[in-house]
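Note that the structure is predicted; figures quoted are calculated from it, not measured. First the proteins, then the strands, lettered A, B, ... as listed; each starts at 1.
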Protein chains: 2
Amino acid sequence: MKHALVLAMLLLSVRTFAATPLPETDLAYDIVAGLTTEVGPRLAGTEAEARGRQWAVAKLQALGFSHVRIENFTVPTWIRGDERASVVAPYEQRLAITALGRSGATPATGTTAAVIGFASLDDLKSAPDAAVRDKIVYVSHAMRATQDGSSYEYFAPARLFAPAVAAQKGARAILVRSLGPDDSRHPHTGATHWSGGVAPIPAAALSNSDADNLERMLARSRVPVQLHLLLTPRSVGMRQSGNVIAEVPGTDPSAGLIAIGGHLDSWDLGTGALDDGAGVAIATAAAATLLSGDRPRDKPRRTVRLIWWGAEEMEPFGGRAYFGAHAREPHAVVAEADMGADRVWLLRAKFSASAAPVAKRLATALAPLGIGADVAPASEGEDIAEFLKAGVSSVALMQDLTRYFNYHHTADDTLNRVDPQQLRQCVSAWSAMLEIVANAPENLLVGGH
Amino acid sequence: MKHALVLAMLLLSVRTFAATPLPETDLAYDIVAGLTTEVGPRLAGTEAEARGRQWAVAKLQALGFSHVRIENFTVPTWIRGDERASVVAPYEQRLAITALGRSGATPATGTTAAVIGFASLDDLKSAPDAAVRDKIVYVSHAMRATQDGSSYEYFAPARLFAPAVAAQKGARAILVRSLGPDDSRHPHTGATHWSGGVAPIPAAALSNSDADNLERMLARSRVPVQLHLLLTPRSVGMRQSGNVIAEVPGTDPSAGLIAIGGHLDSWDLGTGALDDGAGVAIATAAAATLLSGDRPRDKPRRTVRLIWWGAEEMEPFGGRAYFGAHAREPHAVVAEADMGADRVWLLRAKFSASAAPVAKRLATALAPLGIGADVAPASEGEDIAEFLKAGVSSVALMQDLTRYFNYHHTADDTLNRVDPQQLRQCVSAWSAMLEIVANAPENLLVGGH
């Protein structure tokens with residue numbers, strides 16, 4: 001009896017090792033390297049994003065996924081143009097800028113105006129319109145590096161909303177300090193929101209190094225600091241985008257499906273390695289561990305649907321298109337990888353009370369990888385936001401964001417920023433998670449799902 | 001007697017502290033901050049460099065230096081234009097490049113050709129002309145971070161000479177891996193040499209991140225990698241440059257003068273903080289400790305001449321102009337600060353045998369600052385090269401170059417790269433050095449000087 005028990009435990013532990021394998025190849029790294037080398041930046045709605053979809057289809061078919069297909073949708077598309085800024089008085093020099101997503105354009109010859117600086121979005125909000133009118137507004141903030149990215153969440157409104165506030169007050173244009181904790185010369189782009197009725201004005205991010213320089217100029221100069229600004233982005237109307245979808249078929253359709261993935265599109269400045277080449281690579285490499293390949297292996301109980309969402313950066317168009325097309329299918333668990341390539345350090349999960357043991361098993365499986373468990377429910381993933389709102393169960397494998405925002409949305413988001421060792425840990429964590437949620441005997445479907 | 005001795009030693013030690021003061025204000029940091037904020041980049045021969053000279057004159061006069069003046073000369077001037085590179089087949093994407101100094105230009109619409117890659121300058125040299133003709137040459141190398149900058153010296157020929165070799169072999173254009181140990185997206189510019197009779201071709205540096213990407217493409221593609229390249233720099237003929245000179249008068253003209261400084265000009269991409277705002281700042285702050293100011297203080301024995309050389313980056317035009325105008329004056333010691341803002345770690349000196357005790361005193365004074373002494377003679381400083389050739393005594397305070405070449409000649413050479421604490425140590429070292437060489441009782445004049 002004792003021997004039988006030991007044997008059972010051994011078998012169990014063998015199964016545990018199978019459930020949390022160290023990847024045999026560096027499939028995730030291969031995917032990020034391939035995508036950034038062979039496709040490069042993949043701005044939503046562009047031909048480059050379309051090449052990304054073709055690349056993804058070929059890769060997912062070659063890996064042996066089932067039902068590989070593209071589901072098209074259209075997105076309002078915005079294209080970067082020329083972008084230049086110079087201080088013209090009193091301290092003539094170039095400043096490194098980049099247009100924010102959906103920025104308006106200056107005249108083709110640019111525009112020159114005095115700068116008025118604000119330490120925060122709140123300071124801009126409380127300024128009288130007359131002080132801002134016809135000026136180039138500058139807005140600072142104090143984003144810092146945080147492991148959980150909380151400083152990004154806290155200061156993001158400076159990028160998201162200051163341009164619309166400045167436009168409402170009659171500003172000529174706006175420059176925002178880059179939303180990143182670095183002090184490099186690389187400006188950080190990102191979407192900005194024009195609330196209803198506000199006509200977009202030229203809106204750009206200054207690199208943090210240039211923001212420091214401009215702040216010194218504003219502090220030193222006894223005359224208004226004059227800037228010349230040229231930004232020629234264009235909105236080119238509705239263009240085609242799409243989600244690339246692939247599956248690992250499960251054995252029990254009544255158990256619902258597991259939807260995981262990352263987003264295929266990227267900003268146009270870097271090659272979209274961290275954001276979000278790494279995310280699609282992690283989700284794909286993890287899902288690939290459930291493929292039988294040449295080895296006989298049990299199919300998972302639940303179908304795992306892998307999605308490379310399109311067009312996330314400006315707004316989660318791909319996530320909404322997927323939700324619109326598939327919300328009626330029973331989704332047991334949803335999860336998105338969109339936090340770069342550094343290691344997973346925290347598990348967040350959201351399950352119904354009856355499925356609470358699943359969260360416990362996840363915590364147990366992930367602890368050996370150096371991952372803690374949090375009481376906060378999973379709420380991460382722009383592309384799965386509609387499912388989260390609908391109450392679908394979800395898992396968030398929180399990655400270390402301490403370095404991530406140094407490169408986020410910059411030209412420096414390239415393969416050089418990907419640490420293969422940390423990326424492997426992410427794949428191990430996602431593989432362990434998938435094995436558990438795909439095979440859980442519990443009912444994971446919630447409410448209407 | 002004993003008490004008198006202790007008192008004498010105390011007075012001596014007070015003098016020692018006076019001789020190697022920790023700077024009371026951050027004058028050096030103030031100078032780099034002022035120069036980079038109020039002037040910015042200072043490309044040789046341009047109006048920006050001229051503004052730099054005016055800024056220097058005002059600053060040196062305000063500090064109380066004597067005989068502050070500009071000595072003009074003219075330099076062949078080269079101006080950067082537009083610069084863009086894209087892979088057009090088989091993997092379409094932009095590459096981050098910057099023209100090398102004195103690069104030729106492409107047609108206004110750019111040029112498209114296949115890339116041929118070489119791992120080193122030697123590989124390019126040994127390639128048959130037919131393999132290179134009409135192609136865009138790419139040359140790699142393996143520069144690494146080294147404290148003494150030796151890896152830069154070793155691999156610099158790839159930038160300095162590969163363009164001329166490629167031109168001689170009939171190449172359409174050339175891209176060189178950036179001469180820096182970083183893996184960022186910032187390309188490193190720098191001068192290249194067209195040996196006699198070779199017509200310049202378009203020549204640019206790829207950022208190291210893009211060099212990695214291009215090398216992956218060359219390894220993966222089964223068809224030639226095609227690049228589109230646009231570079232529109234111009235040589236605009238002879239323009240005015242100048243050296244800014246100031247003095248701390250000494251008491252003994254027969255003892256010769258001490259000539260120290262850094263170079264005022266910079267490349268146009270960054271703000272010239274490390275290269276060489278920090279150098280002029282260190283030399284100036286050290287020389288300023290010899291000014292009497294409001295405190296009664298002995299003048300130094302030797303006149304200390306402070307020089308902010310113009311036009312160093314392309315070739316040491318400023319150093320040569322100064323040598324041409326002043327070589328006949330008795331120069332006792334020359335030294336240049338042109339190694340960024342990180343700490344001094346090694347003393348190199350070159351004195352005649354009769355002045356050997358001076359080198360010993362320097363070593364003793366610098367050891368408490370964590371600075372070792374080397375047996376190799378001082379041979380650093382592009383702007384004092386002619387004096388070194390002429391055998392004038394010299395001191396080189398070798399700074400830690402481990403980080404320096406990450407930012408050298410890039411847009412990221414800004415005030416953010418200056419560590420105030422290490423900069424203070426540099427000023428302390430230079431102050432201690434100046435006090436000793438300016439007041440040494442020995443004869444420091446050599447040969448014709």
Side-chain angles (χ1 to χ4, degrees), chain A residues 33-43 46-48 50-52 55 80 82 84 86-87 90-96 182-187 207-221 225 266 268-273 406-407 410-418, chain B residues 33-43 46-48 50-52 55 80 82 84 86-87 90-96 182-187 207-221 225 266 268-273 406-407 410-418:
Chain A
L35 197 57
T36 55
T37 305
E38 298 175 17
V39 181
R42 307 168 296 280
L43 189 68
T46 66
E47 185 273 335
R51 281 189 286 115
W55 191 95
R80 188 177 306 282
D82 289 328
R84 286 202 294 277
S86 299
V87 179
Y91 310 127
E92 296 172 49
Q93 60 174 292
R94 284 279 286 271
L95 299 175
D182 64 291
D183 66 358
S184 88
R185 206 76 197 279
H186 287 304
S207 87
N208 282 309
S209 180
D210 291 82
D212 291 344
N213 205 0
L214 181 60
E215 290 183 20
R216 284 193 299 272
M217 292 181 192
L218 292 169
R220 281 164 189 245
S221 178
V225 174
S266 76
D268 52 340
L269 300 174
T271 59
N406 289 337
Y407 311 112
T410 75
D412 217 10
D413 177 4
T414 68
L415 185 63
N416 297 90
R417 307 284 84 76
V418 175
Chain B
L35 197 57
T36 54
T37 305
E38 297 175 17
V39 182
R42 305 169 297 281
L43 190 66
T46 66
E47 184 274 335
R51 282 189 286 113
W55 191 95
R80 188 178 306 283
D82 289 329
R84 287 202 292 279
S86 298
V87 179
Y91 309 127
E92 297 172 50
Q93 58 174 293
R94 282 283 283 272
L95 299 175
D182 63 292
D183 67 357
S184 87
R185 205 76 197 279
H186 288 304
S207 89
N208 282 309
S209 180
D210 290 82
D212 292 343
N213 204 0
L214 181 61
E215 289 183 21
R216 284 192 300 271
M217 292 180 192
L218 291 169
R220 282 163 188 244
S221 178
V225 173
S266 76
D268 52 340
L269 300 174
T271 59
N406 288 338
Y407 311 112
T410 74
D412 216 10
D413 176 4
T414 68
L415 186 61
N416 297 89
R417 307 283 83 75
V418 174

* Structure fact -> Bottom line for A:Ala411: the part with an atom under 4.5 Å from chain B's heavy atoms is both
* To do: Provide the closest heavy-atom pair for A:Asn213 versus B:Thr36 in the form atom of the first, atom of the second, distance.
  => ND2-O, 3.7 Å
* To do: Heavy atoms only: give me the nearest A:Arg185-B:Leu269 pair and the separation to one decimal.
  => NH1-O, 3.1 Å
* To do: Calculate, to the nearest 0.5 Å, the distance between atoms CG and CG belonging to B:Asn416 and A:Asn208 respectively.
  => 8.5 Å
* Structure fact -> Scanning both residues in full, the closest heavy-atom pair of A:Asp183 with B:Asp412 reads O-OD1, 4.5 Å
* Asked: Out of B:Arg220, B:Gln93, B:Met217, B:Glu92, which residue meets the side chain to side chain contact (heavy atoms under 4.5 Å, CB included) rule with A:Glu38?
  -> B:Arg220
* Engaged part of B:Arg51 at the chain A interface, taking heavy atoms whose separation is under 4.5 Å -> side chain
* With only heavy atoms counted, which part of A:Ala96 is less than 4.5 Å from chain B, the side chain, the backbone, both or neither? -> neither
* Asked: Given the options A:Gly40, A:Pro90, A:Ser209, which has more heavy-atom pairs under 4.5 Å with chain B than any of the others?
  -> A:Ser209
* To do: Check whether A:Arg417 gets within reach of chain B through its side chain, its backbone, both or neither, counting any heavy atom under 4.5 Å.
  => side chain
